**Student:** 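Please find one structure pasted underneath; my questions will follow.
When a residue number appears, it is its place in the shown sequence, counting from 1. Bear in mind that the values here come from a model prediction, so they are computed numbers and not experimental data.
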Amino acid sequence: MTSATAPKRLTTSAMIASFADPGQKTADAPFGHALAALAEQDQRVVGLTADLGKYTDMHIFAKAHPERFFQMGMAEQLLLGAAAGMAEVGLVPFASTYAVFAARRAYDFLCLDIAEPNLNVNIVGGLPGLTTGYGPSHQATEDIAIFRGMPNLTIVDPCDSVDIAQAVPQLAASDGPTYLRLLRGKVPTVLDEYDYTFRLGKAAVLRGGADVVLVSSGLMTMRALQAAERLARHRVDVAVVHTPTIKPFDSETVLAEVDSDRLVLTLENHTVVGGLFETVASAVVRAGLGKRVVPVALPDEFLAAGALPTLHDRYGLATDSVVQKVLAELG
């Protein structure tokens with residue numbers, strides 16, 4: 001095959017890859033800018049990272065407030081232990097690392113140093129789910145499953161730059177520890193086109209629909225909205241319910257949409273085990289609803305390395321995959 005006829009090779013920088021579509025509106029480092037702005041208003045806010053400032057957008061905060069930034073090195077347990085100590089004396093720490101390191105390497109420190117005493121420490125986990133092509137060592141496909149069972153811990157899975165910017169001050173103001181699944185770098189801006197405001201602990205119906213309900217979190221809300229537009233061309237009317245807070249879960253809003261004769265699917269950038277699907281399914285069972293819920297999620301396996309568009313196609317997170325899944329379920 002000559003170079004003239006060879007297909008275009010998909011490439012990615014695994015550490016800073018963006019899931020934004022070509023030409024899509026984005027905001028640069030929304031977390032870093034939101035935290036820096038919050039620190040202007042609240043002198044208690046401090047930022048820490050474990051050698052990952054650039055890759056968690058914490059470098060924005062560090063530049064704006066160098067005297068309140070702490071570089072802990074490649075020591076995630078120390079990162080969370082130090083953050084706990086700062087919270088004990090009245091500071092409001094935001095501690096950033098990769099989600100895999102927070103969930104796998106430092107779980108016990110988060111559990112016993114932070115969650116058990118219910119301290120106001122905000123953990124910021126980069127590369128959640130399938131947002132890197134680096135493979136299983138960096139793909140935090142099971143972080144929500146790991147953290148959902150931890151008492152006192154609030155879990156937030158934001159869709160876009162709007163969610164992140166609005167979530168940061170609410171996380172700081174909330175009691176107890178929080179875990180934010182960080183989208184970093186050039187983050188899509190999607191929710192500004194809807195009558196939407198992030199409210200910690202609340203879900204939101206972004207659009208109504210008579211045929212299908214998509215309950216989604218994280219970047220999959222963007223995909224749900226895209227799929228709804230495409231399905232309209234097939235004369236399928238799709239509602240989208242965005243659930244940015246996974247714990248505590250807003251069962252009331254979600255079940256009000258689920259409890260109908262419409263097809264219901266959950267969409268998440270996380271393994272099918274222990275995440276949004278099982279959260280919704282549990283709420284359905286507890287409420288006594290005889291309702292089938294269809295998951296769109298990552299498989300229960302270690303994923304491949306590669307370019308993000310290729311991986312999203314392979315594992316069913318791409319918009320086209322969602323559209324085909326809905327059409328197949330409708331028969």
**Student:** Taking it one step at a time, do Thr266 and Val293 satisfy side-chain contact (heavy atoms from CB on, under 4.5 Å)?
**Tutor:** CA-CA 7 Å; Thr266 58; Val293 179; 3.7 Å; yes
**Student:** Do Leu206 and Val241 belong to the same hydrophobic cluster, where Ile, Leu, Val, Met, Phe, Trp and Tyr are linked whenever their side-chain heavy atoms lie under 4.5 Å apart, directly or via other members?
**Tutor:**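 Different clusters: Leu206 never reaches Val241 through Ile, Leu, Val, Met, Phe, Trp or Tyr contacts under 4.5 Å.
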**Student:** Tell me which one of Thr221, Ile246, Thr243 satisfies side chain to side chain contact (heavy atoms under 4.5 Å, CB included) with Asp157.
**Tutor:**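 The side chain to side chain contact (heavy atoms under 4.5 Å, CB included) with Asp157 is passed solely by Ile246 among Thr221, Ile246, Thr243.
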**Student:** Please determine whether the number of non-hydrogen atoms from other residues, nucleotides or ligands lying under 6.0 Å from atom NZ of Lys291 exceeds 12.
**Tutor:** yes
**Student:** Taking atom types as modelled, is there a side-chain donor on Glu116 or Asn152 under 3.5 Å from an acceptor on the other?
**Tutor:**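 No pair is found: no donor N or O on one side chain lies under 3.5 Å from an acceptor on the other.
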**Student:** Looking at Glu76 and Arg104, is any side-chain nitrogen of the basic one under 4.0 Å from a carboxylate oxygen of the acidic one?
**Tutor:**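 Salt bridge: no.
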**Student:** Start with the C-alpha gap between Gln166 and Arg199, add the side-chain angles, then the distance that decides, and say whether side-chain hydrogen bond (donor to acceptor under 3.5 Å, both in side chains) holds.
**Tutor:** CA-CA 8 Å; Gln166 295 182 7; Arg199 292 192 296 156; over 6 Å; no
**Student:** Just checking, is any N or O donor in the side chain of Thr310 or Asp313 under 3.5 Å from an acceptor N or O on the other one?
**Tutor:**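 Not at all, the side chains of Thr310 and Asp313 share no donor-acceptor pair under 3.5 Å.
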**Student:** Between Val156 and Leu171, does a side-chain contact (heavy atoms from CB on, under 4.5 Å) hold up when you go through it step by step?
**Tutor:** CA-CA 9 Å; Val156 174; Leu171 296 175; 3.9 Å; yes
**Student:** I'd like to know whether CD of Glu252 has more than 12 heavy-atom contacts from other residues, nucleotides or ligands below 6.0 angstrom.
**Tutor:** no
**Student:** Can you find a heavy atom in the side chain of Thr97 that is under 4.5 Å from one in the side chain of Leu79?
**Tutor:**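 The answer is yes, as the side chains (C-beta and beyond) meet within the 4.5 Å cut-off.
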**Student:** I'd like to know if Phe277 and Val294 are part of one continuous hydrophobic network [Ile/Leu/Val/Met/Phe/Trp/Tyr, side-chain heavy atoms within less than 4.5 Å].
**Tutor:**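 No, because Val294 and Phe277 fall into different hydrophobic clusters, even though each may have its own neighbours under 4.5 Å.
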**Student:** Give the intermediate values and the outcome of side-chain contact (heavy atoms from CB on, under 4.5 Å) for residues Phe19 and Leu317.
**Tutor:** CA-CA 11 Å; Phe19 62 91; Leu317 298 190; over 6 Å; no
**Student:** Take Thr253 and Asp250 through the side-chain hydrogen bond (donor to acceptor under 3.5 Å, both in side chains) test and state the conclusion after the steps.
**Tutor:** CA-CA 6 Å; Thr253 298; Asp250 184 3; 2.7 Å; yes
**Student:** Students often mix this up, so state it plainly: with edges at 30° and 60°, are the rings of Phe31 and Phe94 parallel, tilted or perpendicular?
**Tutor:**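 Rings of Phe31 and Phe94: tilted, 30 to 60°.
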**Student:** Under 4.0 Å between a Lys/Arg side-chain N and an Asp/Glu carboxylate O for Arg223 and Glu268?
**Tutor:** no
**Student:** As an exercise, state the distance from OH of Tyr107 to CD of Gln77, rounded to the nearest 0.5 Å.
**Tutor:**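 If we round to the nearest 0.5 Å, Tyr107:OH and Gln77:CD are 14.0 Å apart.
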**Student:** Just wondering, do Val190 and Leu225 contact through their side chains at under 4.5 Å, heavy atoms?
**Tutor:** yes
**Student:** Would you please say whether a donor-acceptor pair under 3.5 Å links the side chains of Thr271 and Thr141?
**Tutor:** no
**Student:** Can you label the angle between the His138 ring and the Tyr134 ring as parallel, tilted or perpendicular, going by 30° and 60°?
**Tutor:** perpendicular
**Student:** Whether Arg207 and Glu193 form a salt bridge (side-chain N of Lys/Arg under 4.0 Å from carboxylate O of Asp/Glu) is what I want to check.
**Tutor:**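 Judged by the 4.0 Å cut-off on N to carboxylate O distance, Glu193 and Arg207 do not form a salt bridge.
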**Student:** Look at the side-chain heavy atoms of Ile, Leu, Val, Met, Phe, Trp and Tyr, link any pair under 4.5 Å apart, and say whether Val46 and Phe109 land in one connected group.
**Tutor:**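 In one cluster with Val46: Phe109, yes.
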**Student:** Does Ile60 form a side-chain contact (heavy atoms from CB on, under 4.5 Å) with Leu35? I'd like the steps, not just the answer.
**Tutor:** CA-CA 8 Å; Ile60 303 294; Leu35 187 62; over 6 Å; no
**Student:** Do Arg235 and Asp211 sit within salt-bridge range, that is, some charged N less than 4.0 Å from a carboxylate O?
**Tutor:**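 Judged by the 4.0 Å cut-off on N to carboxylate O distance, Arg235 and Asp211 do not form a salt bridge.
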**Student:** Classify the side-chain pair Thr178/Asn122 by whether it contains a donor and acceptor separated by less than 3.5 Å.
**Tutor:** yes
**Student:** Would you kindly confirm whether Leu327 and Leu265 end up in one hydrophobic cluster when ILVMFWY residues are joined by side chain heavy atoms under 4.5 Å apart?
**Tutor:** yes
**Student:** Going from NE2 on His312 to CE on Met220, what distance comes out if it is rounded to the nearest 0.5 angstrom?
**Tutor:** 8.0 Å
**Student:** Does anything in residues 193-246 form a ring-ring contact (aromatic ring centres under 6.0 Å, His included)? List the pairs, not counting sequence neighbours.
**Tutor:**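 Every ring-ring contact (aromatic ring centres under 6.0 Å, His included) pair that includes a residue of residues 193-246, provided the two are not neighbours, is Tyr196-His242.
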**Student:** More than 12 heavy atoms of other residues, nucleotides or ligands under 6.0 Å from CZ of Arg314: is that the case?
**Tutor:** no
**Student:** Are Leu180 and Ile123 packed together at the side-chain level, in the sense that at least one heavy-atom pair is separated by less than 4.5 angstrom?
**Tutor:**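 No, their side chains stay 4.5 Å or more apart.
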**Student:** Determine the minimum heavy-atom distance between Ala239 and Glu257, stating which atoms define it.
**Tutor:**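 Closest approach of Ala239 to Glu257, heavy atoms only: CB-OE1, 4.5 Å.
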**Student:** What heavy-atom pair brings Ala228 and Val240 nearest, and what distance separates the two atoms?
**Tutor:**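 Closest approach of Ala228 to Val240, heavy atoms only: CB-CG2, 4.2 Å.
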**Student:** Side-chain heavy atoms nearer than 4.5 Å, only ILVMFWY residues, links allowed to pass through others: does that put Met72 and Val124 together?
**Tutor:** no
